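Note that the coordinates shown come from a computational prediction; the quantities given were computed from them, not determined experimentally.
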Amino acid sequence: MTPLAHVQIVRFLGIPVHNVDSREALQILDAFIRERKPRQVVTVNPEFVMAARRDAAFRDVLLHADLSLPDGVGLLLGARILGTPLKERVTGVDTVMRVAALAAERGYRLYLLGAAPGVAEEAARRLVQANPGLTVAGTYAGSPAPDEEDAIVARITAATPDVLFVAYGAPKQDLWIARNLARLGVPMAMGVGGAFDFIAGRAKRAPLWMQRMGLEWLHRLIHQPWRWRRMLALPQFLFAVIADRLTRR
Ligand code: UDP
C-alpha cells in the first residue's frame, strides 16, 4: 500500500493539496525516505495556486508532486468555502524541524541547499543542537541559476543525503527539484522557502498566539512590507475559489 492510500485530496483551482495533519505528514515522509524512490514534496499556499495559473511549468510541478502539504491559512479558508475542510496547516519550517527530529532518531542524513551564504550552515548548527545525533550531510547556498546546476547536483550526490531541503523561494526551488530529482538519487526533496532564515534566527516567526489565530500573514506583512504585492494573492485566491465554486454549481 502506498503511504498516501487513504489521504483525501482537496483541489484549489485544479491544484491538489493533501488533507494531512503534521503527524500524518511526518509518517508519509518517513515512508518516502524508507522506500527510496525519489519523491518531491511541495508546501502549497495561495501564492502557489495563483502563480500556477500564470506559469505552466510551475503548474506541472504542482500537479506531479508526490506530496502537497497545506501551507497557509488562506488554504484552510478556501477549503471551508469549498465545503471540504482541511485538518490543519503544515508549514515548511515546522516540517523541516520535525523531519530533523525524525532524522536524528532514524539516522537519516539531511542536506540544506539555498538561502543567503552562511544561513544554511547556521540553520544546520541549530538543528543539530536541538537534535543530538543528527547528521547533516552538507549545506550549500549555491544559486538556482541553470549554469550552477550540474556542479550543485554533483555536490549533493557526493554527500549521499536521504533528505534534501531547497530554499530558493517558490517557484524556483520547486522547478529546480523537479528538473533534478531523478539524477539526485535523494529519496525525498522538498522546497522550503524561507525556512532556513527562520531556523537560523535571521527572520522572526509570528508569536504562537498569532499563528494560532491564523494571523502569520499579518506578522509577515508588518516585518516584510515589500511583500504586499505578492500577498494580494491571498484575497485574489479566495475570490477565485468562490467564483469557481459558484460557476460549478
Ligand atoms: N533565495 C536564494 N537564492 C535565490 C532566491 C532566494 O537562496 O536566488 C532564498 C532566500 O535567501 C530565502 C529563500 O530563498 O532564504 C526564499 O524565502 P521566501 O520566504 O521569500 O520564500 P517564498 O515565500 O518565496 O517561498
Test of understanding: with ring-ring contact (aromatic ring centres under 6.0 Å, His included), list the residues that count as partners of [X], not counting sequence neighbours.
| X | answer |
| --- | --- |
| His64 | none |
| Phe237 | Phe12 |
| Tyr108 | none |

Within one Ile-Leu-Val-Met-Phe-Trp-Tyr cluster: [X] and [Y], side-chain cutoff 4.5 Å:
| X | Y | value |
| --- | --- | --- |
| Val61 | Val44 | no |
| Val186 | Leu112 | no |
| Leu181 | Met188 | no |
| Val96 | Val163 | yes |
| Met97 | Leu113 | no |

Any salt bridge (charged side-chain N to carboxylate O under 4.0 Å, His left out) involving [range]? Give me the pairs, sequence neighbours left out, ordered by first then second residue.
| range | result |
| --- | --- |
| residues 179-190 | Glu149-Arg179, Asp150-Arg183 |
| residues 118-129 | Glu122-Arg125, Glu122-Arg126 |
| residues 65-83 | Asp71-Arg89 |
| residues 163-177 | none |

Sub-4.5 Å side-chain heavy-atom contact between Leu86 and Val10
yes
So do Asp94 and Ser22 actually touch side chain to side chain, heavy atoms under 4.5 Å?
no
Please round to the nearest 0.5 Å and tell me the distance separating atom [atom1] of [X] and atom [atom2] of [Y].
| X | Y | atom1 | atom2 | result |
| --- | --- | --- | --- | --- |
| Asn180 | Thr157 | CG | OG1 | 10.5 Å |
| Asn45 | Thr91 | CG | OG1 | 11.0 Å |
| Ile222 | Leu215 | CD1 | CG | 9.0 Å |
| Ile15 | Ile9 | CD1 | CD1 | 12.0 Å |
| Glu47 | Arg230 | CD | CZ | 4.0 Å |
| Ile156 | Tyr111 | CD1 | OH | 5.5 Å |

For residues 129-145, please give each side-chain donor-acceptor pair under 3.5 Å, one per line with the distance, not counting sequence neighbours.
unit_1 : atom_1 : unit_2 : atom_2 : d
Asn131 : ND2    : Leu127 : O      : 2.9
Ser143 : OG     : Ala145 : N      : 3.0
Ser143 : OG     : Glu148 : OE2    : 3.3

I'd like to know if the side chain of [X] and the backbone of [Y] have a donor-acceptor N/O pair within less than 3.5 Å.
| X | Y | result |
| --- | --- | --- |
| Glu24 | Val20 | no |
| Arg39 | Ala189 | no |
| Arg245 | Ile81 | yes |
| Gln211 | Ala206 | yes |
| Arg205 | Val93 | no |

Residue list, side chain to side chain donor-acceptor pair (under 3.5 Å) with [X], at least two apart or on another chain:
| X | answer |
| --- | --- |
| Asp21 | none |
| Arg53 | none |
| Arg220 | Gln224 |

Heavy-atom pair of closest approach, residues [X] and [Y]:
| X | Y | result |
| --- | --- | --- |
| Gly92 | Ala195 | C-CB, 4.4 Å |
| Arg59 | Gly14 | NH2-CA, 4.4 Å |
| Leu234 | Gly74 | CD1-CA, 3.4 Å |
| Pro70 | Glu88 | CG-O, 3.5 Å |
| Pro187 | Pro161 | CD-O, 3.9 Å |
| Val73 | Gly214 | CG1-O, 3.5 Å |

Against Val49, only a single residue in Leu13, Val17, Val241 fulfils side chain to side chain contact (heavy atoms under 4.5 Å, CB included); can you say which?
Leu13
So if I apply the side chain to side chain contact (heavy atoms under 4.5 Å, CB included) rule between Phe165 and each of Val99, Thr95, Val41, which one comes out positive?
Val99
Taking only residues two or more places apart in sequence or in another chain, which ones pass side chain to side chain contact (heavy atoms under 4.5 Å, CB included) with Ala203?
Asp197, Phe198
Hey, can you tell me if Tyr168 and Trp176 have their rings parallel, tilted or perpendicular (30° and 60° cut-offs)?
perpendicular
Determine, step by step, whether Met190 and Leu164 satisfy the side chain to side chain contact (heavy atoms under 4.5 Å, CB included) criterion, reporting the C-alpha distance in whole Å, the side-chain angles of both residues, the deciding distance to 0.1 Å, and the verdict.
CA-CA 6 Å; Met190 172 173 164; Leu164 171 65; over 6 Å; no
Charged N-O contact under 4.0 Å between Asp30 and Arg34
yes
Any ion pair linking Asp162 and Arg106 (charged N to carboxylate O, less than 4.0 Å)?
no
Are Leu67 and Leu29 close enough, and set up right, to give a side chain to side chain contact (heavy atoms under 4.5 Å, CB included), and what steps lead you there?
CA-CA 9 Å; Leu67 177 65; Leu29 297 177; 3.7 Å; yes
Run Ile28 and His18 through side chain to side chain contact (heavy atoms under 4.5 Å, CB included) and show every step you take.
CA-CA 11 Å; Ile28 293 165; His18 291 106; over 6 Å; no
